[in-house]
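Each chain gets a letter, A, B and so on, in the order its sequence line appears, and its residues count up from 1. The model shown is predicted, which means the values in this text are computed figures rather than measured ones.
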Amino acid sequence: MKITTWNVNSLTARLQHVLDWTAANPVDVLCLQELKMTDDKFPLDVLRDAGYGHCAVFGQKTYNGVAIMSRAPVRDVVKNITGFADEHSRVIAATVDSPAGELRVVNGYFVNGQAPGTDKFAYKMSWLSGLRAYLEAEMRQHGRLVLLGDFNIAPEDRDSFDPEGLRETIHHTSEEREHFRQIVGLGLCDSFRLFEQPEKSFSWWDYRMLGYPKNRGLRIDHILVSDAVRPHVKSCGIDRVPRKWDKPSDHAPVTVELG
DNA sequence: ATGACGTGTCCGACACGA
């Protein structure tokens with residue numbers, strides 16, 4: 001069973017890429033971020049024809065918006081962070097069946113945070129605290145859990161093209177990395193790091209300054225699995241192919257395989 | 001270089017991203 005996270009930077013602009021990519025990579029569950037559309041605009045019919053007959057959608061006009069697209073039924077859909085009031089559509093959770101048994105999937109578009117010291121950074125910090133409390137409760141209820149999405153955090157120096165030059169800037173601050181560690185500390189692990197990976201593996205590249213051709217990127221899209229799921233993880237990888245297509249998303253899809 | 005590039009909103013300029 002394969003589960004993918006992909007920040008598509010507008011599903012309107014990227015629908016054909018999603019269709020082309022899933023045709024070549026028929027993953028079981030595709031978790032999207034940055035839909036940038038309201039629920040009524042979500043292309044349910046087209047995605048059903050593409051094999052994803054079970055979609056849980058939490059959209060928003062212009063910004064944010066997340067969805068879980070699944071080939072098999074999803075149940076117990078929860079939108080946003082329980083216990084944390086949020087104006088934005090950033091989190092959607094659902095339960096699916098997996099080879100390991102019932103699996104809770106939590107798909108998040110984490111706050112960007114702009115820069116340390118700003119109101120947006122403060123929002124990011126409180127959002128992360130709210131998420132952690134919510135996850136703690138979710139994990140008590142669901143031993144088998146996957147937390148994936150656009151974390152907007154480069155957890156370690158090796159997850160950045162310029163860790164020295166960007167030290168303590170957004171995505172690289174000690175506070176963000178401490179939040180990441182605390183989330184992992186709930187009993188999760190970064191599935192990407194369970195395997196040998198190429199150096200300078202990134203999941204996002206700036207549209208500007210030839211970011212992708214120069215591999216000036218960050219690894220900020222992650223798939224964390226709970227300890228009960230960890231023995232079932234067969235592989236985890238980033239697919240750079242769609243980043244080379246015409247008019248790409250600035251993020252690449254990341255996929256985990258469970259056996 | 002408070003830039004660059006891309007998307008959406010509402011129609012030229014701005015908000016936002018990472």
**Student:** Going by distance alone, is a donor N or O of one side chain under 3.5 Å from an acceptor N or O of the other, for E168(A) and S174(A)?
**Tutor:** yes

**Student:** Would you please say whether a donor-acceptor pair under 3.5 Å links the side chains of W204(A) and D221(A)?
**Tutor:** no

**Student:** Measure the distance from CG on N64(A) to C1' on dC16(B) and round it to the nearest whole Å.
**Tutor:** 10 Å

**Student:** With rounding to whole Å, what would you report as the distance between dC11(B) and dT2(B) at their C1' atoms?
**Tutor:** 25 Å

**Student:** Once you round it to whole Å, what is the distance between P of dG17(B) and CD1 of I170(A)?
**Tutor:** 10 Å

**Student:** Using atom CG of D246(A) as one end and atom P of dC5(B) as the other, report the distance to the nearest whole Å.
**Tutor:** 16 Å

**Student:** Judged by modelled atom types alone, do T95(A) and R104(A) share a side-chain donor-acceptor pair under 3.5 Å?
**Tutor:** yes

**Student:** Looking only at atom P, what distance separates dA1(B) and dC16(B), rounded to whole Å?
**Tutor:** 25 Å

**Student:** Between P on dG6(B) and OH on Y63(A), what's the gap in Å once rounded to a whole number?
**Tutor:** 18 Å

**Student:** Apply the hydrophobic cluster definition, ILVMFWY joined by side-chain contacts under 4.5 Å directly or through others, and give me every member besides V27(A).
**Tutor:** W6(A), V8(A), L11(A), L15(A), V18(A), L19(A), W21(A), L30(A), L32(A), L35(A), M37(A), F42(A), L44(A), V46(A), L47(A), Y52(A), V57(A), M69(A), V241(A), W245(A)

**Student:** May I ask you to establish whether R90(A) and Y109(A) are in a cation-pi arrangement, using a distance under 6.0 Å from NZ or CZ to the six-membered ring centre and at most 45° from the ring axis?
**Tutor:** yes

**Student:** Within less than 4.0 Å of OP1 or OP2 of dG17(B), is there a side-chain N or O belonging to H251(A)?
**Tutor:** no

**Student:** Could you work out the separation of dT7(B) and dG12(B) based on their C1' atoms and round it to a whole Å?
**Tutor:** 16 Å

**Student:** Report which part of the nucleic acid F110(A) touches: base, sugar-phosphate, or nothing (heavy-atom distance under 4.0 Å, all strands).
**Tutor:** nothing

**Student:** Are OP1 or OP2 of dT9(B) and a side-chain N or O of K36(A) less than 4.0 angstrom apart?
**Tutor:** no

**Student:** Given atom CG of N9(A) and atom C1' of dG17(B), what is their separation to the nearest angstrom?
**Tutor:** 8 Å

**Student:** Assuming nearest nucleotide by heavy-atom distance, tell me which of P248(A) and D150(A) is located more 5' along DNA chain B.
**Tutor:** P248(A)

**Student:** Is there a donor-acceptor pair closer than 3.5 Å between any side-chain N or O of R14(A) and the backbone N or O of K247(A)?
**Tutor:** yes

**Student:** Let's see if you can work this out: which of dG17(B), dG6(B), dA18(B) has an atom nearest to the side-chain heavy atoms of I220(A)?
**Tutor:** dA18(B)

**Student:** Ignoring backbone atoms, test whether N152(A) places a side-chain nitrogen or oxygen under 4.0 Å from the OP1 or OP2 oxygen of dA18(B).
**Tutor:** yes

**Student:** Quote, to the nearest angstrom, the C1' distance that separates dC10(B) from dA15(B).
**Tutor:** 13 Å

**Student:** Would you mind reading off the distance between N7(A) atom CG and dC16(B) atom C1', rounded to a whole angstrom?
**Tutor:** 13 Å

**Student:** Heavy-atom contacts under 4.0 Å between residues 112-128 of chain A and DNA chain B, which residues?
**Tutor:** N112(A), K120(A)

**Student:** dG3(B) and dC14(B): how far apart are their P atoms, nearest whole angstrom?
**Tutor:** 13 Å

**Student:** To the nearest angstrom, how far is K41(A) atom NZ from dT7(B) atom P?
**Tutor:** 18 Å

**Student:** Between T5(A) and Q33(A), do the side chains contain an N or O donor and an N or O acceptor separated by less than 3.5 Å?
**Tutor:** yes

**Student:** Tell me the interatomic distance from D250(A), atom CG, to dA4(B), atom P, rounded to whole angstroms.
**Tutor:** 16 Å

**Student:** Does anything in residues 197-218 of chain A reach DNA chain B, meaning a heavy atom under 4.0 Å, and if so which residues?
**Tutor:** W204(A), Y207(A), R208(A), M209(A), L218(A)

**Student:** Is there a donor-acceptor contact under 3.5 Å linking the side chains of W127(A) and D86(A)?
**Tutor:** yes

**Student:** Would you say N9(A) and Y207(A) are linked by a side-chain donor-acceptor pair, where the criterion is simply a distance under 3.5 Å?
**Tutor:** yes

**Student:** When you compare the side chains of S249(A) and H17(A), does any donor N or O come within less than 3.5 Å of an acceptor on the partner?
**Tutor:** no

